[in-house]
Amino acid sequence: MKSASLVVYSLRLHIVFVTKYRRPILTPELFHALRGAFEEILSDWRCTLIDFEGEADHVHLFISIHPALNISTLVNNLKSASSRRMRHHFAEHLAKFYQKPYFWHRAYYVASAGEVSLDTIKRYVEAQGTQERAR
């Protein structure tokens with residue numbers, strides 16, 4: 001639980017971003033940089049990154065948000081700001097996959113997560129990337 005002026009809240013979201021064309025662009029180094037970028041961006045929005053995992057073509061974020069936020073605005077900012085940072089820092093790597101300045105697919109997944117399902121979502125997010133996927 002968190003508190004702010006006149007409100008006590010516990011708002012958590014599970015968000016999934018997929019790379020453009022589901023290209024396997026997310027290396028361990030890029031993953032590490034993304035985690036830092038998401039932590040900084042979320043902090044600026046009065047939010048917290050609880051957990052972060054994924055695979056080469058998608059990421060899962062488990063976050064705590066402030067109740068005054070518009071979720072779609074926050075999500076679109078997370079995508080655009082993280083994309084801009086990764087395209088800047090990993091331009092050479094990303095040029096192998098994209099001719100244009102792409103990074104994330106336009107669509108995303110978001111679900112609210114109540115206290116009851118907190119452990120279930122954390123286990124799911126932490127299990128990402130632990131098994132090879134058949135292609």
**Item:** Nearest-0.5 Å distance, CD1 of residue Ile71 to CG of residue Leu13
**Value:** 5.0 Å

**Asked** Nearest 0.5 Å, what's the NZ-OG distance between Lys20 and Ser83?
**Response** 10.5 Å

**Asked** Picking from His14, Glu126, Glu55, what satisfies side-chain hydrogen bond (donor to acceptor under 3.5 Å, both in side chains) with His60?
**Response** His14

**Message:** Using ring centroids (six-membered ring only for Trp), state whether Tyr21 and His105 fall under 6.0 Å.
**Reply:** no

**Prompt:** Can you check whether Tyr109 reaches Val18 side chain to side chain, under 4.5 Å on heavy atoms?
**Reply:** no

**Request:** Could you check if a side-chain atom of Arg85 sits within less than 4.5 angstrom of a side-chain atom of Glu40, using non-hydrogen atoms only?
**Result:** yes

**Asked** If you look at every heavy atom in Ala81 and Ile41, which pair is closest and at what distance?
**Response** CB-CD1, 3.5 Å

**Request:** Let me see the working for Gln128 and His58 under side-chain hydrogen bond (donor to acceptor under 3.5 Å, both in side chains), right down to the final yes or no.
**Result:** CA-CA 10 Å; Gln128 292 297 302; His58 71 280; 3.1 Å; yes

**Message:** Please tell me whether Phe97 and Leu34 are part of a single hydrophobic cluster in this structure, the criterion being side-chain heavy atoms less than 4.5 Å apart.
**Reply:** yes

**Over all atoms of both residues, closest heavy-atom pair of Arg35 and Asp51** = NH2-OD1, 4.2 Å

**Asked** Which distance, rounded to the nearest 0.5 Å, do you find between the CD1 of Ile50 and the OG1 of Thr48?
**Response** 7.0 Å

**Request:** With side chain to side chain contact (heavy atoms under 4.5 Å, CB included) as the test, would you mind laying out the steps for Tyr108 and Ser72 before giving the verdict?
**Result:** CA-CA 10 Å; Tyr108 61 89; Ser72 64; 3.8 Å; yes

**Message:** Side-chain heavy atoms nearer than 4.5 Å, only ILVMFWY residues, links allowed to pass through others: does that put Phe62 and Val59 together?
**Reply:** no

**CG on Leu74 to CD1 on Ile65, rounded to 0.5 Å** = 6.5 Å

**Leu30 to Ile25 - nearest heavy-atom pair and separation** = CD1-O, 3.8 Å

**Request:** Provide the closest heavy-atom pair for Thr19 versus Ala56 in the form atom of the first, atom of the second, distance.
**Result:** CG2-O, 4.3 Å

**Fill in**
Rounded to the nearest 0.5 angstrom, the OG1-CH2 distance for Thr73 and Trp45 is 6.0 Å

**Request:** Any chance you could lay out the ring-ring contact (aromatic ring centres under 6.0 Å, His included) test for Phe52 and Phe31, step after step, and finish with the verdict?
**Result:** CA-CA 9 Å; Phe52 174 76; Phe31 249 96; 5.6 Å; yes

**Request:** May I ask whether Phe90 and Tyr98 are part of the same hydrophobic cluster, defined by side-chain heavy atoms of I, L, V, M, F, W, Y residues being less than 4.5 angstrom apart, directly or through others?
**Result:** yes

**Prompt:** Are Tyr102 and Leu94 grouped together when hydrophobic residues (ILVMFWY) are joined by side-chain heavy atoms under 4.5 angstrom apart?
**Reply:** yes

**Asked** Closest approach of Pro67 and Leu11, non-hydrogen atoms and distance?
**Response** CA-CD1, 3.5 Å

**Message:** Can you tell me how far apart NE2 (His88) and CZ (Arg84) are? Round to the nearest 0.5 Å.
**Reply:** 11.5 Å

**Asked** Taking all non-hydrogen atoms of both residues, which atom of Lys79 and which atom of Arg106 are closest, and how far apart?
**Response** NZ-O, 2.5 Å

**Message:** Side chains of Trp104 and Ser80: any donor to acceptor distance under 3.5 Å?
**Reply:** no

**Asked** Is a side-chain donor or acceptor of Ser82 paired with a backbone partner of Leu78 at a separation under 3.5 angstrom?
**Response** yes

**Message:** If you define the side chain from C-beta out and look only at heavy atoms, does anything of Phe103 sit under 4.5 Å from Phe17?
**Reply:** no

**Request:** Treating Ile, Leu, Val, Met, Phe, Trp and Tyr as nodes and any side-chain heavy-atom pair under 4.5 angstrom as an edge, say whether Val125 and Leu61 lie in one connected cluster.
**Result:** no

**Request:** Determine, stepwise, if the pair Leu26 / Asp57 fulfils side chain to side chain contact (heavy atoms under 4.5 Å, CB included).
**Result:** CA-CA 6 Å; Leu26 304 177; Asp57 63 354; over 6 Å; no

